[in-house]
Protein chains: 2
Amino acid sequence: MESRLKVTIKDVAREAGCGIATASRVLNNSGPASAEVRERVETAARDLGFSFSAIGRALQGGRSMTIGCLVPSLANPVFAEAVQGVQDALSGSGYQLLIASSNYDGDADNEAIATLAAKEVDGLIVTMVAPERSATLKQARRRGLPVSLMFHDPIDGFLTAHVDNFQAAREVARRFADLGHRHTAFLSLRFSSSDRSRNRYAGFHAECRARDLPDPALIELGEAEANTPELLAEILASLGELTAIFASNDFLAIAVQKAARLMGKSVPHDLSVIGFDGIEIGRLLDAPLATIETAPNAIGRQAAQTLLEMMQGKACMQRPPLPFDFRAGATLARPRTESCDDDQGATWPPSVHSLKTDLKQG
Amino acid sequence: MESRLKVTIKDVAREAGCGIATASRVLNNSGPASAEVRERVETAARDLGFSFSAIGRALQGGRSMTIGCLVPSLANPVFAEAVQGVQDALSGSGYQLLIASSNYDGDADNEAIATLAAKEVDGLIVTMVAPERSATLKQARRRGLPVSLMFHDPIDGFLTAHVDNFQAAREVARRFADLGHRHTAFLSLRFSSSDRSRNRYAGFHAECRARDLPDPALIELGEAEANTPELLAEILASLGELTAIFASNDFLAIAVQKAARLMGKSVPHDLSVIGFDGIEIGRLLDAPLATIETAPNAIGRQAAQTLLEMMQGKACMQRPPLPFDFRAGATLARPRTESCDDDQGATWPPSVHSLKTDLKQG
DNA sequence: TTGTACGCGTTATCAG
DNA sequence: CTGATAACGCGTACAA
């Protein structure tokens, strides 16, 4: 029952019969101490179950050894994996992770950053609704707080770990176009509040233009439509001659399949679908999902590594975007109207799982 | 360019021409102050961009306003959602979340708890490999640190937010048995290191026994087999006359479907599958997955609420397990050998999505 | 080699 | 109503 709620270095010093400075030196191996007193201090510390107070240390040392991390939501496995990647990169560094989530709300974003800053985190790893417009974020940086972004494209001199959404989306358009699709749509949740979605649409649109194809339809879904296949089916039905859909994430892509089934439409023969993110589950579906495969964990790791370097005072440069893969799948085929002799889902050779895309910029 | 790295209450006081105590009282609304000085302090604080240091406060107040949370991995959406649930419950409480993950390693678990304790968190929310054997965890509690468990069944007087794995597994056995399945198996990852898996097997086994059915086969998969449908197919093939599989989580259940397809077996006609967790994606599959639906978010919320109450000094009691639902799906049917006239996947009426189970204890 | 004393930012106490 | 001061736990000059 030796349950003193807090045992401090003072207690250790008293128990060991020495000054607190000596105890500190011994326990930190940070200075001279006779073998004898060293022994006494160590046993005292062990007996009392002493451990340093990170708070005392932070106050005195000016560093909290804590990193703040803000993401929209951990319920989205992409962000959850990224945070796990951050953890992986931080493990062994001595830094702890303080997390916050905003539920995709821009005001909550700013509040969260302010809160994290008040906790005196030593650095910030952030995915938020609108970093380019967040005065709070810029102020934090101006105050000397290192900031590392995740998922965002480079902005305002912030360093970011990301995939090139624009190029990835062009790749999607290319895949559709090569198979003969002309009438396409881009499907997204929260289009207006996500720079990722906007950049994906921009790339998709640009590549369609470059090929003299009709502009893709832009469909922004609410949560309700996204989670209710019946509603989604209605929306799709109202769109007429569509043969291919680029879904801004894999969950949406799977929802599209479900909706198509409800409509009696066949994927991929009546409707081709390509997703985004490359979540593991897409591989395991009856009709493995064609998608752009990204590595959220790697994004988190890179963001954390960048931050660690910034905190060491190194001059850091923006790294090139992380690679994405186009993952072939059974949800992609030629449109039915273009060719009738070759529509048994032919474009998916099960042996080839993904093709690395070359990232020629521009 | 007013970029003093730290602006403290001292700076505010000097700027406002008053003592720091007065500044503190004004900024905290914690005592008397003349309207005039109040004004001066507030503008000074605003001008300087002052915000309180959580560290200084923690040191003086003895509370860090931080809660430590340990989970095996955020890459598992079940835990990620639970942590999000914790966040949800904590939002507005003033507490911040310090997270750690152990990657399912028991030693890392203990280390993480020690680290969180050193950060002087005000409470702990924990899912770990073996809480019942963790001296570190018990020591933390003995030191007066409130602890709230997630997912674990009640042990050692720890309060926990959980579903009754044993009863849920019995429900699965009942569903199989009612359809006429006799030869079943339980499929799990990390069986030996997860009390959840063990309890699920125990319940499954117990109910089979109670019905004079053969004991279910117990299959523990490595990561490799779980992620490689070909390997999983081999394992299933070697098991012979199996007609039904209870997978310890939905990902495994989906992997089983994939493997069955590879073997040319039909789900559910040759093999019925029931999963566990009830991840959203299961609903959207071609063959919606029959599963035990749990609510990880609710588990996180309950754990956090319990912890908040403990920290308020309230006497808390173990709450009853959170409810689980059996979610019907297209992966469950009578075994082929038992009845030949009724095997068009009949047991899944799409209108009825889930049936609430009654939680008679025992 | 050792111990005393100060400062980190905050709040609470207490005397003015 | 106000402000000086002690205390929280720690590291570290500096003095012994």
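Note that the structure is predicted; figures quoted are calculated from it, not measured.
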- Message: Heavy atoms only, 4.0 Å cut-off, all strands: where does Thr22(B) land among base, sugar-phosphate and nothing?
- Response: base
- Tell me, for nucleotides 5-10 of chain D in 5' to 3' order, what letter each nucleotide earns: B for a base near a protein heavy atom under 4.0 Å, S for only sugar-phosphate near one, - for neither? ---BBB
- Whole-Å distance, Met65(B) CE to dT10(C) P, equals 16 Å
- Pair Phe158(A)-His152(A), side-chain contact (heavy atoms from CB on, under 4.5 Å): steps then yes or no: CA-CA 10 Å; Phe158(A) 282 105; His152(A) 297 294; over 6 Å; no
- Message: Checking the side chain of Thr115(B) only, and the main-chain atoms of Ile113(B) only, is there a donor and an acceptor separated by less than 3.5 Å?
- Response: no
- Message: Using a 3.5 Å distance criterion without hydrogens, assess whether the side chain of Asp122(B) forms a donor-acceptor pair with backbone atoms of Ile67(B).
- Response: no
- Query: Would a distance-only check, ignoring hydrogens and angles, find a side-chain to backbone donor-acceptor pair under 3.5 Å from Ser194(A) to Arg196(A)?
  - Reply: yes
- Send over the distance from Arg25(B) CZ to dC1(D) C1', rounded to a whole Å. 8 Å
- d(CG, Leu27(B); P, dA12(C)) in whole Å: 14 Å
- side-chain contact (heavy atoms from CB on, under 4.5 Å) test vs Leu149(A) passes for just one of Ile155(A), Leu124(A), Thr127(A), namely Ile155(A)
- Using atom CD of Glu39(A) as one end and atom P of dT1(C) as the other, report the distance to the nearest whole Å. 17 Å
- Message: Can you work out whether Ser30(A) or Val37(B) has the more 5'-proximal nearest nucleotide on DNA chain D?
- Response: Val37(B)
- Backbone N or O of Ser102(A) within a donor-acceptor pair of the Asp105(A) side chain at under 3.5 Å? no
